[in-house]
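What you see below is based on every heavy atom in this structure, not just the backbone, and it leaves out hydrogens, waters and symmetry mates. Positions are given from 1 along the sequence.
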Amino acid sequence: MNLFTSKRKDAHPPSLGVDLGSGNAKLVHLDMAGSRVEVKAASTHVLSPDAVEGGVIREPRKFGKKLAQWMEQSGIGPSVAVVSVPSNLAVLRWLNLPLLVGSELRQAAQFKVKRHLPFPVESAYVEASIPEIADGESTGQSLVIAVPRAVIDSRAEALEAAGLRSYGAELEGQAILRVVERRLNQESALWRDASLTIIDVGANNTHMYVVQNQRLQFIRGVKFGTQRIAEAVANELKVSLAEGEALLSQADTQVWSEGLVKVRQGDVYKFVYVIAELEKLTREFLRLMRYFRSLHPERSYAGILDHVLLCGGLAGLHGFSEYLEDVLGLRVERARPFGGVVGTFTKQTFETIANRQESYTVAMGLALSGIRRQNQEEETQNVRREYGWTRAA
């Protein structure tokens with residue numbers, strides 16, 4: 001999904017990925033160092049409880065000023081920006097459409113998708129990929145996506161208030177897939193295989209994506225995430241939720257196979273049972289996998305559900321991927337979104353990336369999108385707000 005809002009003024013300004021989650025915002029600032037991607041900054045910032053409601057930024061201008069302050073703190077200057085759209089707010093459908101382009105394709109998509117929407121099609125941005133039409137056929141499969149207009153417009157307004165040139169709005173899933181694409185030719189057999197399952201554990205929502213033959217086939221989410229684990233830690237140690245989250249985020253925090261979390265409180269290591277929370281999460285994974293299997297014949301998903309790519313806040317927690325492997329009986333690999341990049345950043349940024357880089361997967365994918373579009377784009381039109389789907393993530 002691309003939200004082009006400004007005309008490019010210089011050849012290759014830096015790119016900023018802005019990932020707005022339910023509890024915090026993550027920023028990744030990228031530039032090009034010759035032919036290589038260079039990480040300039042990465043940071044996490046806590047959102048106020050009422051900043052975002054139903055995916056809509058309540059006071060975009062005020063939020064934009066706060067974003068500008070975060071940028072200044074991180075040494076982030078003028079940039080093009082791509083902002084995230086939560087996957088749970090979008091409706092995606094593979095539909096048969098005729099071979100059309102531009103506004104005609106969009107109109108056809110709006111007509112076909114409206115019966116699948118929980119909101120009026122008139123209040124949504126709807127886009128579609130170019131249909132894949134076989135010889136002799138008049139229609140073909142197109143990925144149609146719809147998101148409420150208020151979600152996109154509020155984010156665009158916030159970026160503009162921060163002094164950024166808005167370059168796009170993309171689904172979290174699309175940003176993750178772009179990070180995957182960068183590593184398809186790496187040594188790992190999992191990354192070379194374009195058919196895989198991705199689990200993104202957020203603060204309050206966890207999403208499962210199935211990619212098959214380089215097509216996003218399945219997205220489902222559950223209302224369960226890192227905050228449940230942090231709440232268990234906070235309650236056991238009698239500290240605030242913010243302190244519980246901080247303890248969980250420490251570099252030496254570890255999950256044990258017995259369902260224990262080892263955290264360091266001051267100079268003392270303490271153990272907290274989180275088995276109930278972990279079992280809840282794994283049950284949801286298994287439920288989603290069973291549901292996906294029920295939608296497709298076995299031959300169509302053979303091997304896909306054998307390997308899992310893990311990203312999000314919990315992915316970098318020591319022992320978590322191993323715990324999932326044991327419980328799910330699957331091979332689990334961590335995302336490593338900063339693999340293969342160079343960096344000239346502060347010690348704080350380096351520690352942030354080194355400790356929990358998987359939590360920056362979405363922000364990294366968004367920033368990569370800004371760089372890619374600059375390389376591909378020859379010229380943009382006058383300032384406009386538009387929500388366009390880019391099929392290849």
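Clustering of Ile, Leu, Val, Met, Phe, Trp and Tyr by side-chain heavy atoms under 4.5 Å joins L241 with none of the others. Cluster note: Y269 groups with no other residue, as no ILVMFWY side-chain heavy atom lies under 4.5 Å from it.
Every residue meeting the side chain to side chain donor-acceptor pair (under 3.5 Å) condition with N204, not counting sequence neighbours, appears here in chain and number order: S22. Residues forming a salt bridge (Lys or Arg N to Asp or Glu O under 4.0 Å) with E284 (at least two apart in sequence, or on another chain): K280, R287. A search for salt bridge (Lys or Arg N to Asp or Glu O under 4.0 Å) contacts involving R93 returns nothing, not counting sequence neighbours. A search for side chain to side chain donor-acceptor pair (under 3.5 Å) contacts involving K223 returns nothing, not counting sequence neighbours. When the side chain to side chain donor-acceptor pair (under 3.5 Å) test is applied to E279, no partner is found at least two apart in sequence or on another chain. Checked against side chain to side chain donor-acceptor pair (under 3.5 Å), Q254 has no partners two or more places apart in sequence or in another chain.
Among residues at least two apart or in separate chains, there is no ring-ring contact (aromatic ring centres under 6.0 Å, His included) pair with a member in residues 133-161. Applying the salt bridge (charged side-chain N to carboxylate O under 4.0 Å, His left out) definition to pairs two or more places apart or across chains, those involving residues 242-263 are D252-R264. Applying the ring-ring contact (aromatic ring centres under 6.0 Å, His included) test to pairs two or more places apart or on separate chains, those with a residue in residues 233-264 are W256-F271.
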Identify every side-chain donor-acceptor pair in residues 68-84 under 3.5 Å, counting partners at least two apart or on other chains, and give the distances.
from	atom 1	to	atom 2	distance (Å)
S74	OG	S43	OG	3.3
S74	OG	W70	O	3.2
S79	OG	H29	NE2	2.8
S79	OG	G77	O	2.9
S84	OG	D19	OD1	3.3
S84	OG	L20	N	2.9

